[in-house]
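Quantities reported herein were computed from a predicted structural model and do not represent experimental measurements. So you know, we letter chains A, B, ... as the sequences are listed, proteins then strands, and number each from 1.
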Amino acid sequence: MDREEYVEAVLVAVESIPPGRVATYGDIAEYVGQGGPRQVGAVMREYGGAVGWWRVIRASGIPADEVVDQQIQLLRGDGVRVTNGKVNLREVRWNPEEQ
DNA sequence: ATCCTGACGACGC
DNA sequence: CGCGTCGCCAGGA
């Protein structure tokens, strides 16, 4: 799998996250089966604009520093509760299986 | 090959 | 809950 295919795979995975749910960088990496959380982050930085990048969040439930404000707004737009700058993953974490 | 860097994550304190 | 440390995986210099 070359880099371009990898990027595609990641973007497809991100697009499959339903509004109202979120996935962590690690979740996407695991789903794609290649690379790690940092690679997913790199793809978001570069091509996130093409998909629902704001539905990808850190495992801590706190958005990446670079985009924290906008990500919170967009998530709220999806109906996701954000308390004290943090998302409760236990209730909105995306589960690829239950698709 | 080597070093540095990073939209990350698990762990220990 | 906040922090520092270390592991991880690639890309670019």
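In the interface, the side chain of R38(A) is not paired with the base of dG11(C) through any donor and acceptor atom under 3.5 Å apart.
Atom C1' of nucleotide dC3(C) and atom CD1 of I62(A) are separated by 13 Å, given to the nearest angstrom. Remark: C1' of dA10(C) and CE of M1(A) are 15 Å apart, rounded to the nearest angstrom. Atom P of nucleotide dC9(C) and atom CD1 of I28(A) are separated by 18 Å, given to the nearest angstrom. Here the P atom of nucleotide dA10(C) and the CD atom of Q34(A) are 7 Å apart, to the nearest Å. Straight-line distance from the CD atom of E4(A) to the P atom of dA10(C): 17 Å, rounded to whole Å. A straight line from CG of N84(A) to C1' of dG2(C) spans 15 Å, rounded to a whole angstrom. If you measure from atom OH of Y47(A) to atom P of dA10(C), you get 16 Å, rounded to the nearest angstrom. Y25(A) places its OH atom 15 Å from the P atom of dG6(B), with the value rounded to the nearest Å.
Distances shorter than 4.0 Å separate some side-chain N or O of R45(A) from OP1 or OP2 on dA7(B).
Base pairing of dC4(B): its partner is dG11(C), meeting the Watson-Crick or G-U wobble criterion (both donor-acceptor distances under 3.5 Å).
In this structure, R58(A) reaches the sugar-phosphate backbone alone: every heavy-atom distance under 4.0 Å involves primed, P, OP1 or OP2 atoms, never a base. Contact annotation for T24(A): backbone-only contact, meaning every heavy-atom pair under 4.0 Å involves sugar-phosphate atoms and none involves a base. Base contact: Q39(A) has a heavy atom under 4.0 Å from a base atom.
Atom CZ of residue R21(A) and atom OG of residue S16(A) lie 11.5 Å apart, to the nearest 0.5 angstrom.
Across dC1(C), dG9(B), dA7(B), the shortest atom-to-atom separation from the side chain of M44(A) is found for dA7(B).
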Practice task
Evaluate the criterion side-chain contact (heavy atoms from CB on, under 4.5 Å) for residue pair I17(A) and V22(A); output intermediate values, then yes/no.
Solution key: CA-CA 7 Å; I17(A) 306 170; V22(A) 305; 5.5 Å; no
Problem - Worked verdict on V10(A) versus M44(A) for side-chain contact (heavy atoms from CB on, under 4.5 Å) - result: CA-CA 9 Å; V10(A) 169; M44(A) 287 301 99; 4.0 Å; yes
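Ion pairing of E66(A) with R58(A) is absent here, as no side-chain N (NZ or NE/NH1/NH2) approaches a carboxylate O to less than 4.0 Å. Salt-bridge check for E91(A) with R81(A): passed, with a basic side-chain N closer than 4.0 Å to an acidic carboxylate O.
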